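Everything on this sheet refers to the single structure shown next.
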Amino acid sequence: MSEKSKFDKVSDLAFRRGLYFPSAHIYSDSLAGFWDYGPLGVTLKRRIIDLWRKTIVKRDEMLEIDGSQILPESVFKASGHLQSFVDPLTECKDCRVTFRADRLIQRRLEKLIPEALPSKELDSLILKNGIVCSECGGELSKVFKFNMMFRFSAGPKLGNQVALRPETCQSIFLDFLRVYKTMRVKLPIGIAQVGKSFRNEISPRRNLIRLRELTQAEIEIFFNPKNIESFTKFDQIMDVTLRFLLVNDQELELTAEEAVKKKIVQNKLVVYYLVLLKQFYELVGINPQNIRYRELHDEERPFYAQSAWDLEIKTSLGWLEVVANHYRTDYDLKVHSKGSKTDLMILDNGEKIIPWVWEDSMGIDRTLFVALDAAYTEEKKRIFLKLPNYLAPIQVAVFPLVAKDGLTEKARTLYDMLKVEFDTFFDEKASIGRRYYRVDEIGVPYAVTIDYDTLKDETVTIRDRDNKEQIRIKVGGLKDWLKLRLNFIPPNQ
RNA sequence: GCGGUUGUCGUCUAGUUUGGUUAGGACGUCAGCCUGCCACGCUGGUGACCCGGGUUCAAAUCCCGGCAACCGCACCA
């Protein structure tokens, strides 16, 4: 038996079948943290996003936008990223080990050190308290700030400083007022966006897990905090159970209703969206026992969040953060209102307010990984992806039983009939068994085989990926049979 | 970003210690034969020394630099 970890096996499968692979890899100076999706990966990613649209965005009547990836620096000055999306670092002059300066001082002095403290003050704290390298006792360098945004200039003049957005949501805040005014909506309203974000990570690792260019699907819910008790959608989900890991390390499983009553979560609105996300990941194929919400400690929380929950999924790598959820209050609209000198207040039931914001920030690349990780199945020598039908990149394979006696031609005709409506794959090469195994590995749920009976009575066999069982149906009914089983249909429809 | 280890066909790998090979094999893949339902078999083909520089008559092999991967540390909105 191979000693490979499951993560390696899943990664190997993804490379071998071209789901994703390192970007610009034919060049020897290709960069870590940038990955390309191949044909199957693109389709899988698209299906994950489509599922998100159906089960969250559309279910909740959210509005979707698509904002620029490049934004002027003033946006990030106002949002706080210019100042706070940085790590204050110091390194040992002897052994070159790097430390987070604020955390190092905090640990040594056992008192809270604000992350945003100027470098000079951190320097003097290090000096005054005689703090040295915790590894070798060497002297520490001056504190320097590392900003994780990619910054450059747009246009021919150097003056127009811009940055690649480090999170997609800033566009949602910038566009909020226009969307609100043009779409005739009222609070609470969700604005959603899926797109790329960019972070200059110090050390990207483990292929899709930590990227410098990543795809996020983000939702910002704008609401009036005064009206939170009358949030009626809560009634739809109050009995759903959620697992929590609290800052005091307590683990518990509660219904949404209990979580609100016991004040584990802020309010009904927050828990409603936590439930929607949990249900989404169950549809991605994750066992509910492997989904939990972890409460973030004060020092883990981003600067804009009053409280934060990470949706974590237990994978072959251990618990992995897949969605970051933040209670952003009125922070964002306030700072952009001030930064842009634009009044972002709106009229809600006759009252002028700045809406508050609840955010769900989903990592799509990580979601794709957890989907693969959960779907990966070994059964004797057979490897197959037990993906839900509506996520499978290739939905149906068409095979002639043998490549002779007109079976290939018949199969081709059938393939042509299906290929536009479904993601279909045709293969006549090698034995039928080998062809089944090939498509198992990429999670094709159904294989349609044309045999000698097809020529006589227009029937085909459909072979099921998971149990290898076959049924025989009329060609005429094939499309409807597939349609019924391949599309995602919400439970209440 | 620091330290350690490692880079050979799509994948796994032999060869590197001790410089000289048509760089070998397996799986995959392609062509053909075979094949009446779960990785059959046979024949043939395709396909690699991470990149750059140095040493040498000669470099996959030794040296230096870069890049990447893995592990540990640090970091991680």
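What you see below is based on every heavy atom in this structure, not just the backbone, and it leaves out hydrogens, waters and symmetry mates. Numbered from 1 within each chain, the chains take letters A, B, ... in sequence-line order. Not measured: the values here are computed from a predicted model.
With centres under 5.5 Å and a plane angle under 30° as the test, the ring of A:Tyr436 is not stacked against the base of B:rA39.
Taking the six-membered ring for Trp and thresholds of 30 and 60 degrees, A:Phe223 and A:Tyr327 have ring planes inclined between 30 and 60 degrees apart. Note on ring orientation: taking the six-membered ring where Trp is involved, the planes of A:Trp481 and A:Tyr446 are perpendicular (angle over 60°, cut-offs 30° and 60°).
Side-chain N/O atoms of A:Asp440 and base N/O atoms of B:rC38 include no donor-acceptor pair closer than 3.5 Å. Scanning atom types as modelled, no donor and acceptor separated by under 3.5 angstrom connect the side chain of A:Arg435 and the base of B:rC38.
Using Watson-Crick or G-U wobble geometry with both donor-acceptor distances under 3.5 Å, B:rG20 finds its partner in B:rC57. Base pairing of B:rC70 is made with B:rG4, judged by Watson-Crick or G-U wobble geometry with both donor-acceptor distances under 3.5 Å.
Cation-pi geometry between A:Arg382 and A:Phe384 is satisfied (NZ or CZ under 6.0 Å from the ring centre, within 45° of the ring normal).
Rounded to an integer number of Å, the gap from A:Phe21 CZ to B:rG10 P is 14 Å.
For B:rC71, the OP1/OP2 oxygens have no side-chain nitrogen or oxygen of A:Arg206 closer than 4.0 Å. Look at A:Arg434 and you'll find a side-chain N or O under 4.0 angstrom from OP1 or OP2 of B:rU29.
When each of A:Arg212 and A:Glu300 is assigned the nucleotide of RNA chain B with its nearest heavy atom, A:Arg212 is the one assigned upstream, toward the 5' end.
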